[in-house]
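Presented below is the structure to which this report refers.
Proteins get letters first, then strands, A, B, ... in listed order; numbering begins at 1 in each.
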Amino acid sequence: MNKELKILGIVAAFTLVLYWGVEPFAHSQMHKHVEGHNFVYDGTADIEEASKDKKEAKKKFWSEVKEIAKLKGDATAGEATFGMCAGCHMDGAANMGGVTPPSLEHAGAIYDKNFLIALIKDPAMATNVDHKYPNGTMTHPMGSISSMVSAPQDIANVVAYLKAKKAGEVTSKEAFKEACGRCHANRYGKLTQLGEIPKTKSNIKTGQDVDKIKYDQKVAEEQNALADYLGKLPPDLSIIYRARSEHFLETFIENPQAQLKGTAMPRTGLNEEGYEKVMEYLAQTGDPSAPARAMAGPWVLGFFFLFTILAYLWKQSQWRDLH
Amino acid sequence: MAHFEKANSLNEWLDQRIGLNTLKKVMQSEYWIPKDINFLWAMGMVLAATFGILLVSGIFLLMYYNPSTDLAFDSVNYTIMTEVGYGWLWRHIHGVGASLVFLIIYIHMFTGIYYGSYKKGRELIWISGMLLFVLFSAEAFSGYMLPWGQMSYWAGMVITNLFSGGSLHADGLVEWIRGDYVPAQAYLSRFFMLHVLLMPLAIIGAIVFHFGTLRLPHVNNQEGKEVDFEESARLWKEGKRAESEVIPFSPVFLSKDVFVMGVYFIMFFYLVFYHFEFAMDPVNFDPANGLSTPTHIYPEWYFLWSYEILRPFPTDPGLIAFAFAQVIFFTLPFLDRSPNVAPANKRGAFHIWFWAMLADMLVLTFMGKLPPQGIWSTIGLVAAITFFVLWIALPIITKLEKKL
């Protein structure tokens, strides 16, 4: 018995060392380590990674953002100014310059305040994709904002309005659709870049579903526009939850450039609550069996514990008089 | 036509026709197993059970898997995981089982090496076992292609490329294997066939052969002692259970096997429910894309040691080294020149050889997954060379071994 336990100990030790080597250790060596910054958007990472000629501009930009953040915003005044935003940010908005303007229905709930200020001030800088716009932010699809809302107090007012009036309860699916869904489809969640896939019916005589064909065409056109604008079609995020570690997703969402230098993906500026909502949705589509596993696991393990106890008793009865 | 009496029971009826009682004696009640064994002797039955689990879970997955390059990925990741009742369970059992079957194979192999269970009379047990290892490797590789993720595609690309033979440039052979210039529909279809038909058939055949090679030499025991099976069997039948050196396969040996299996299944299902990610590489959750090579391409952990023997050398010597590593274990019974059948700890230099080989393969495994840069490639190269040095040293140190 003692000898068997000793052998078991050796086998278990080798197995654990093996596991450590090919899993935690190998992965720690394979991926570069990126520090998270707890969804604080103050430009620290942007300034750090910026090339020499851009460092000063970024420092200046983020210090101005900091100043605006100190102003007290007036939500009522902000509502009036927001009218200018609503021209593009509305339900059923059309693709503009490659991408469809997002709904801001829950912007105050899911996005960080500092980020929203920065975004209105300079969308390319705020999303850390200024390298894509060498001719200035005016060529950014949202570039014209600087001619509409540029006074610090106006910016503070709009953000105060968003934080006050566009901050209702948001479902995880809405958070995904607003923050990610214009560029990333989620086919397991039945979402395209245009939103929920509508229910259509095929003609019973021909089997043809004309509405579906029309919808598919619209999706195809949207995807082509996105790919032309961003350089490639952003990946479907159905099971990105299984394909990347949680740490990767968190740091990538905070600052895409930190994990994928040069990417066309803009920072989305999610705050912690928004990030958690999005992750909740990604977990639902990427790992839908989690609740079922949690339910069945203890029963199956319980069965095998019982099985093992009975097997042990049987073994003892068979081996009792052997020595 | 032989003469048949009227049978009085089903047992008798079957006995007349297929010799049931003889069969039971040969396979169970008088299949003598030495008493002096430990739980490592149960690994064979644990493997058989794991294969059974893989077979059953595979049958369920097969009912929903779609072997087309357009649909394969979603049939695995969506249909099976979401729409099929308990599809996720079958998939995680299959994935975890595929990994654990290799863990147990390696334990089973190194048990055989440690106790000298491949020596005179038992060579075919070892060789048929190694044949099973190769067949399981082919089964694992072909199965890994089926979800058609990034790692399926790129591992398939890399491994099939090996058949070009380096500077031989046998590109025609590679195309013949793939059925296309790159892994595509023809490739997926044939690996699907290999995985669900040809390889399982071959494995079942090889398992029967492996069991067959064991029946006459009998299994080894902890001290490598030559057992007088006839004398021991006589004692057992006389009821002298304590005096006899043997036990019957069923029910005595089996009762311990089943207990060990129970412990194993607790671990198995713990992994299935709470820690299955280790068996499913994240990279393979990105759909196959011939236009985007993953940053790191590496095989599953059980192939890493041989992958690392390929990697540190230039192309041609690397391929030769790789080919050597694939077959060298087959020759173990002939390279070990010592007649001693004993556990390694009683065999002097061989004892060191055993642990050195085990440690070296562990180091190779670690290095096989790491990016081949800096210190990692140096360690990999040293470990690969050590592997060959150990095999060259084996006949020499065993020739010099003192007879026990």
> Has the side chain of A/Gln318 got a donor or acceptor atom that lies under 3.5 Å from a matching backbone atom of A/Lys315?
Replying inline: no

> Do the ring planes of B/Phe102 and B/Tyr106 sit parallel (below 30°), tilted (30 to 60°) or perpendicular (above 60°)?
Replying inline: tilted

>> Please check this pair: side chain of A/Lys190 against backbone of A/Glu196, looking for a donor-acceptor N/O pair closer than 3.5 Å.
In response: no

> What residue in A/Phe14, A/Trp314, A/Phe25 has the most heavy-atom pairs under 4.5 Å with chain B?
Replying inline: A/Trp314

>> Given heavy-atom pairs under 4.5 angstrom as the criterion, report whether the side chain, backbone, both or neither of B/Phe73 touches chain A.
In response: both

>> Counting heavy-atom pairs closer than 4.5 Å to chain A, which one of B/Ile247, B/Ile107, B/Val272 comes out on top?
In response: B/Ile247

>> Taking the cut-offs as 6.0 angstrom to the six-membered ring centre and 45 degrees off its axis, would you call B/Lys256 and A/Trp319 a cation-pi pair?
In response: yes

> Most heavy-atom pairs under 4.5 angstrom with chain B, which of A/Phe304, A/Tyr241, A/Tyr188?
Replying inline: A/Tyr188

>> If I compare all heavy atoms of B/Phe354 with all of B/Ile113, which pair ends up nearest, and what's the gap?
In response: CD1-CG2, 3.8 Å

>> What part of A/Pro235 gets within 4.5 angstrom of chain B, counting heavy atoms only: side chain, backbone, both, or neither?
In response: neither

> Taking B/Pro371, B/Pro282, B/Ala359 one by one, which has the highest count of heavy-atom pairs under 4.5 Å against chain A?
Replying inline: B/Pro282

>> Please determine whether side-chain contact (heavy atoms from CB on, under 4.5 Å) holds for the pair A/Val11 and B/Leu40, giving the CA-CA distance in whole Å, both sets of side-chain angles, and the decisive distance to 0.1 Å.
In response: CA-CA 10 Å; A/Val11 173; B/Leu40 290 171; 4.1 Å; yes

> Any donor and acceptor pair, going by atom type alone, linking the side chain of B/Asn220 with main-chain N or O of B/Tyr115 inside 3.5 Å?
Replying inline: yes

>> Please rank A/Ser245, A/Ala296, A/Gly286 by heavy-atom pairs under 4.5 Å with chain B and give me the top one.
In response: A/Ala296

> So, A/His31 versus A/His247, ring centres under 6.0 angstrom or not?
Replying inline: no

>> Need one label for A/Ile309: side chain, backbone, both or neither, based on atoms under 4.5 Å from any heavy atom in chain B.
In response: neither

>> Report which part of B/Gln222 has an atom under 4.5 Å of a heavy atom belonging to chain A: side chain, backbone, both, or neither.
In response: side chain

> Which of the residues B/Phe110, B/Tyr264, B/Phe268, B/Trp376 is involved in the greatest number of heavy-atom pairs with chain A at under 4.5 angstrom?
Replying inline: B/Trp376

> Does the A/Arg267 side chain pair with the main chain of A/Asn128, one donor and one acceptor, at a distance under 3.5 Å?
Replying inline: no

> In terms of heavy-atom proximity below 4.5 Å to chain B, should A/Leu237 be classed as side chain, backbone, both, or neither?
Replying inline: neither

> Measuring heavy-atom distances to chain B, does A/Phe307 have an atom under 4.5 Å in its side chain, in its backbone, in both, or in neither?
Replying inline: side chain

> Would you say the side-chain atoms of A/Glu250 pair up with the backbone N or O of A/Gly36, donor to acceptor, closer than 3.5 Å?
Replying inline: no

> So which of B/Ile266, B/Val258, B/Leu362 has the biggest tally of heavy-atom pairs under 4.5 Å with chain A?
Replying inline: B/Ile266

>> Between A/Met30, A/Arg187, A/His323, A/Gln29, who has the most heavy-atom pairs with chain B when the cutoff is under 4.5 Å?
In response: A/Met30

>> If I measure from the heavy atoms of chain B, does A/Val22 come under 4.5 Å with its side chain, its backbone, both, or neither?
In response: both

> Under a 4.5 Å heavy-atom cut-off, does chain A meet the side chain of B/Met280, its backbone, both or neither?
Replying inline: side chain

> chain B heavy atoms under 4.5 Å from A/Tyr19: which part of the residue, side chain, backbone, both or neither?
Replying inline: side chain

